[in-house]
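Let me begin by presenting the structure, written as structure tokens, before commenting on it.
Numbering of ligands and ligand atoms starts at 1, following listing order.
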Amino acid sequence: MDAGVHGTGFTARELSWQTGSEITGLDLRQADATAQGTIDALWQLLGQRGILLFRDQTLDHGQHLAFTRRFGALAKTGLLGRHAPPGYPDLFMVSNIKTNGIRSETENAAQQWHSDQSFLEVPARASLFRCVHAPQYGGDTMFANMYQAHDALSEGMRAALRPMRAFHTLFSSRTLARRARKPFSSVQEDELQRLSGALHPVLRRHSDTGRMTLYVSEQMVDHFEGWSVEESAPLLDYLFALAVRPAHTYRHRWQPGDLIMWDNRCSMHYAPIDYDFAALDAPENRRLMFRSTLA
Ligand SMILES: [Fe+2]
């Protein structure tokens, strides 16, 4: 159904039952000239729908950042700084294209479900991901709706989870990268204690919509506060599986010129590794994306 939004300067069409809206009628190159009422309406819709899709936008890096800034301050890129395009430290480049014969480590980014920067005390509010080159197939991004995950919990389970907090860290025992480096050792356990992470409520209220969300992710969450990793695992496994049930997800097949804005407070995302690996270096399989992040 077309859900026209009147008086906001754009039209919104739902991408799936609960998740995502496609926005038409806006030229994002004109970010600075866009009415504040339009920006406010986009932000409000983002909180409700989790992701907004803009198609056929041919932005350069400066225009991408100018549009991002209309919604607030940019997040520090932190670890991602080394993947910024030259001259644009606030952008994160994700690509499967080789540079000097070497493939970017970002090719395998987002192989586990997560919301951006949940390992920080104050995680990123939203992220804006822009497609320059899309493979002929593969390179999709999947999104999970964390309102739906919360709403699928029984009243009894919600009551049990309500007082609980979970520890989010980039060095979670579930993080593939960490496991690939080395199995558990006492040295790594000591390291883990020192490395940064943050405790967040398992059930969180979205600060704009007031709706409750489930806030745990496979990539970042290591354990519940006061629980061991082992004790936490069965319940976390259940919650992770519930969150990403197919009925709670939207899968996006990218086209050049797409820009997707997602709300990290009520969604998770994931990159299925669905490339044609046998022909990854063929020009038609190139993938080049840029992300900006809101603090
Ligand atoms: Fe991400």
Side-chain angles (χ1 to χ4, degrees), residues 19-20 46-47 49-54 64-65 68 71-72 74-85 88-96 104-132 134 138-146 149 166 168-172 174-178 180 196-198 200 204 213-222 240 243-244 248-254 258-275 287-295:
T19 307
L46 177 69
R49 303 291 302 167
I51 75 171
L52 300 182
L53 166 67
F54 304 84
H64 180 160
L65 288 169
T68 307
F71 298 93
L74 301 179
K76 296 262 180 287
T77 49
L79 292 168
L80 306 180
R82 66 183 187 277
H83 298 300
Y88 293 91
D90 294 318
L91 288 177
F92 171 41
M93 184 172 85
V94 176
S95 176
N96 67 0
S104 167
E105 59 185 333
T106 62
E107 176 199 46
N108 292 324
Q111 275 186 64
Q112 285 176 293
W113 286 98
H114 67 283
S115 65
D116 292 329
Q117 299 184 345
S118 74
F119 56 92
L120 300 179
E121 288 293 337
V122 183
R125 267 193 308 161
S127 306
L128 290 85
F129 207 34
R130 157 179 144 245
C131 177
V132 177
D140 293 358
T141 302
M142 294 182 69
F143 297 89
N145 184 316
M146 301 305 275
H168 296 239
T169 168
L170 266 182
F171 302 93
S172 159
R174 290 172 182 263
T175 301
L176 292 174
R178 182 171 181 264
S196 61
H200 295 293
R204 268 196 343 175
T213 66
L214 176 66
Y215 193 68
V216 292
S217 77
E218 183 191 17
Q219 184 177 0
M220 308 287 190
V221 169
D222 190 66
F240 297 154
V244 304
H248 301 164
T249 65
Y250 165 74
R251 178 167 177 154
H252 189 66
R253 185 169 186 181
W254 293 96
D258 285 357
L259 183 139
I260 281 188
M261 181 172 188
W262 66 75
D263 187 331
N264 286 304
R265 298 169 297 177
C266 60
S267 70
M268 292 197 295
H269 52 279
Y270 167 86
I273 302 304
D274 56 354
Y275 296 120
R287 185 176 191 254
L288 179 62
M289 315 281 297
F290 294 94
R291 193 187 94 190
S292 59
T293 313
L294 282 165

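For Asp274, the side-chain contact (heavy atoms from CB on, under 4.5 Å) partners at least two apart in sequence or on another chain are Asp140, Arg251, Pro272. Qualifying side-chain contact (heavy atoms from CB on, under 4.5 Å) partners for Thr106, counting only residues two or more places apart in sequence or in other chains: His83, Phe92, Val94, Ser104. For Arg265, the salt bridge (charged side-chain N to carboxylate O under 4.0 Å, His left out) criterion is met by Asp208, Asp263, not counting sequence neighbours.
Side-chain contact check for His64 and Ser292: at least one donor-acceptor pair (N or O, by modelled atom type) lies under 3.5 Å.
Shown here are the protein N/O/S atoms lying under 2.8 Å from the Fe ion (ligand 1), water excluded: His114 NE2, Asp116 OD1, His269 NE2.
Aromatic ring centroids of Phe129 and Trp262 lie under 6.0 Å apart.
Proximity of Tyr270 to Thr249: side-chain heavy atoms (C-beta onward) are nowhere separated by under 4.5 Å.
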